[in-house]
Amino acid sequence: MNFYAIRAIYFHEMDRMRRTIGQSILSPVISTSLYFIVFGSVIGGMIPELDGVSYGSFIVPGLLMLTLLTQSISNSAFGIFFPKFTGSIYEVLAAPVSSFEIIVGFVGASATKSLIVGIIILLTASFFVELKIQYPLLMLFLLVLTCLTFSLFGFLIGLLSNNFEQLQVVPLIIITPLVFLGGSLYTIEMLPEFWQKVSYFNPVVYLINGMRWSFYGASDINIFISVVSLVGFLIACIVGVAIVISKGYGTKT
Amino acid sequence: MQNVVSIKKLSKTYDNDFQALKNITLDIKKNEIIALLGPNGAGKTTMISIICGIVIPTSGSVTVDNFDIIKDYRLTRSLIGLVPQELSLEQFEYVFNNVSYTRGLYGKAPNPSLIEKILKDLSLWDKRHSRINELSGGMKRRVLIAKALSHEPSVLFLDEPSAGVDVELRQEMWQVIKDLRNSGVTIILTTHYIEEAEAIADRVAVINKGELLVVDNTSDLVKSMGQKTLLIELHEAIRTLPSKLERYNLTVLNNGLSISYNYDSSSKQTGITSLLQDMKETGLKLKDLNTEQSSLENIFVELVREN
């Protein structure tokens with residue numbers, strides 16, 4: 001195992017976060033804080049409790065998931081796409097590094113960045129709403145698993161993207177609507193019956209509800225199903241990335 | 001001399017059916033400087049990209065220090081340094097960090113003093129805290145060389161190292177390359193500049209349309225394939241050549257004041273003695289004699305044209 005290479009890639013990517021701290025940390029924290037202020041404190045005060053918690057507290061897991069998903073995907077996709085775009089990917093490909101080591105370096109850094117953002121958002125949320133975490137270890141487990149899974153997914157997108165437009169398509173056109181329609185700001189029970197059924201086809205519903213259960217011990221979906229869904233998607237991403245990188249799609253000719 | 005890189009029947013056909021390499025076989029000797037000469041699209045970059053692991057070969061095999069580049073990729077790649085043709089660098093990084101990053105990729109422990117030495121040797125030490133986008137083109141090219149040397153490779157591939165580099169810097173770069181060879185590194189460089197190959201390469205391999213046309217010592221190639229020209233200056237200008245001299249395919253130059261005669265210096269009979277004898281018999285008076293060796297450039301152009 002080439003540990004020095006993993007370390008080099010990891011810190012090289014973390015260094016990118018340091019150089020772009022405004023975009024990497026401040027931007028998601030500010031935009032999520034605005035949600036807490038508007039929906040949590042201002043509008044939330046006029047909405048009755050949901051699942052026994054105030055509306056402001058209720059939306060914390062959903063907004064946390066929204067940020068984790070979009071940040072993990074964009075960090076990781078950009079992390080591998082940028083060297084492809086500049087051509088500097090040549091040195092990773094020409095180095096004595098296995099596909100696994102490349103993935104660990106890039107995805108590890110991306111997941112770390114998302115984790116940092118997630119923790120800051122939780123701390124920020126505590127300033128605006130009352131925050132109680134019923135199962136902190138489960139919450140941490142889901143936090144790490146989500147960061148890892150969606151960083152892998154983002155890595156896959158970055159590998160397969162040939163231009164900046166393709167890089168943005170999945171996060172903006174697919175993930176963001178799925179999160180907003182996945183119960184981040186409401187419970188599925190509030191929807192008409194037909195849309196409730198449609199919602200069960202939205203994979204993000206399971207993630208948000210899993211996270212919400214770790215916070216409040218209540219959600220629309222059984223926690224076991226949520227965890228299994230997340231682990232299933234993680235496995236699918238591992239297989240996808242392994243196939244793409246071993247065949248050299250998007251990197252080698 | 002021991003071979004350090006052995007290429008056997010290497011072929012590459014890209015997805016768009018373009019055949020970039022056709023059955024190339026080439027041995028590269030330890031501690032030599034070999035220049036891969038060829039026009040654009042000849043297959044030079046594809047060849048070195050395959051050896052370095054960036055491009056997947058269609059068929060054939062390559063060994064580096066007797067290790068297979070696919071099966072033993074960790075071993076072979078750790079021996080190789082690559083300076084790419086394009087200035088492929090992350091523009092917002094600092095020089096020292098970026099060079100150190102490459103060393104890490106190659107599985108080597110951080111060694112700031114070695115990086116310092118490399119940067120000093122390449123006149124980049126003053127720029128160690130500069131961002132790459134603040135450097136000139138020549139400096140960026142040197143950063144790429146520093147990165148390629150950061151893990152102390154024994155085989156160095158330089159893909160068009162002089163592209164976009166001014167004359168003074170080119171001379172400096174040649175000196176760096178010669179110094180590296182003297183320190184035990186085998187150098188494989190691709191170049192468009194024949195002058196560069198003539199100046200620093202021990203051997204030359206000419207590639208065109210994916211085929212290896214010739215491989216030889218630079219001086220032997222010039223000697224064996226090059227023609228020599230005898231320039232004869234006359235005392236008095238001539239209007240036409242005497243019929244006795246027609247068989248020599250002479251060219252009249254300089255308004256009849258000079259005659260040139262092309263001959264093969266490696267041949268047993270160059271024809272010079274009989275030409276001079278015949279000239280004497282036709283009454284032509286000689287003022288001066290001069291010989292010129294055709295350059296590697298002439299040979300290269302001729303080879304590529306024939307192919």
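Numbers restart at 1 for each chain; the letters A, B, ... are given by sequence-line order, proteins then strands.
B:Lys120 NZ: more than 12 foreign heavy atoms inside a 6.0 Å radius. Heavy atoms from other residues, nucleotides or ligands lying under 6.0 Å from CZ of B:Phe92 number 12 at most. Sparse packing is recorded around CZ of A:Phe85, with 12 or fewer heavy atoms of other residues, nucleotides or ligands lying under 6.0 Å away. Counted within 6.0 Å of OH on B:Tyr14, heavy atoms from surrounding residues, nucleotides or ligands total more than 12; the atom is thus considered enclosed. Counting non-hydrogen atoms of other residues, nucleotides and ligands closer than 6.0 Å to CG of B:Asp15 gives a total of 12 or fewer. Atom NZ of B:Lys117 has 12 or fewer heavy atoms from other residues, nucleotides or ligands within 6.0 Å.
Within the structure, side chain to side chain donor-acceptor pair (under 3.5 Å) contacts touching residues 123-138 of chain B (residues at least two apart or in different chains) are B:Tyr94-B:Arg131.
Residue B:Tyr106 touches chain A through both its backbone and its side chain, counting heavy-atom pairs closer than 4.5 Å. Both the backbone and the side chain of B:Ala109 come within contact range of chain A, judged by heavy atoms closer than 4.5 Å. Contacts between B:Leu89 and chain A at a heavy-atom distance below 4.5 Å involve the backbone alone (N, CA, C, O). B:Lys108 touches chain A through its backbone: at least one of N, CA, C or O sits under 4.5 Å from a heavy atom, while the side chain does not.
Residues A:Ile9 and B:Tyr101 have side chains in contact (heavy-atom distance under 4.5 Å, counting atoms from C-beta outward). Considering only heavy atoms from C-beta on, B:Arg74 comes within 4.5 Å of A:Asn2 through its side chain. At least one side-chain heavy atom of A:Tyr4 sits less than 4.5 Å from a side-chain heavy atom of B:Pro110. Counting heavy atoms from C-beta outward, B:Tyr73 and A:Ser98 have side chains that approach closer than 4.5 Å.
Interatomic distance, A:Thr86 OG1 to B:Leu87 CG, rounded to the nearest 0.5 Å: 11.5 Å. Here the NE2-CG distance, from A:His12 to B:Asn98, works out to 5.5 Å after rounding to the nearest 0.5 Å. Atoms OH and SG, from A:Tyr90 and B:Cys52 in turn, are 10.0 Å apart once rounded to the nearest 0.5 Å.
The two atoms that bring A:Ala94 and B:Arg77 nearest to each other are O-CD, 3.2 Å, heavy atoms only.
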Pair B:Glu93, A:Arg16 - check salt bridge (charged side-chain N to carboxylate O under 4.0 Å, His left out), show working.
CA-CA 9 Å; B:Glu93 288 193 9; A:Arg16 195 196 306 280; 5.7 Å; no

Do B:Thr102 and A:Glu91 pass the side chain to side chain donor-acceptor pair (under 3.5 Å) test, and can you show the C-alpha distance, the side-chain angles, and the key distance before you say yes or no?
CA-CA 7 Å; B:Thr102 307; A:Glu91 58 180 336; 2.7 Å; yes

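Between chain B and the residues A:Gly87, A:Gly105, A:Ala95, the most heavy-atom pairs under 4.5 angstrom are made by A:Ala95. When A:Ile6, A:Val92, A:Val97 are compared by the number of non-hydrogen pairs under 4.5 Å with chain B, A:Val97 comes out ahead. Put simply, of B:Lys147, B:Arg103, B:His151, the one with the most heavy-atom pairs under 4.5 Å next to chain A is B:Lys147.
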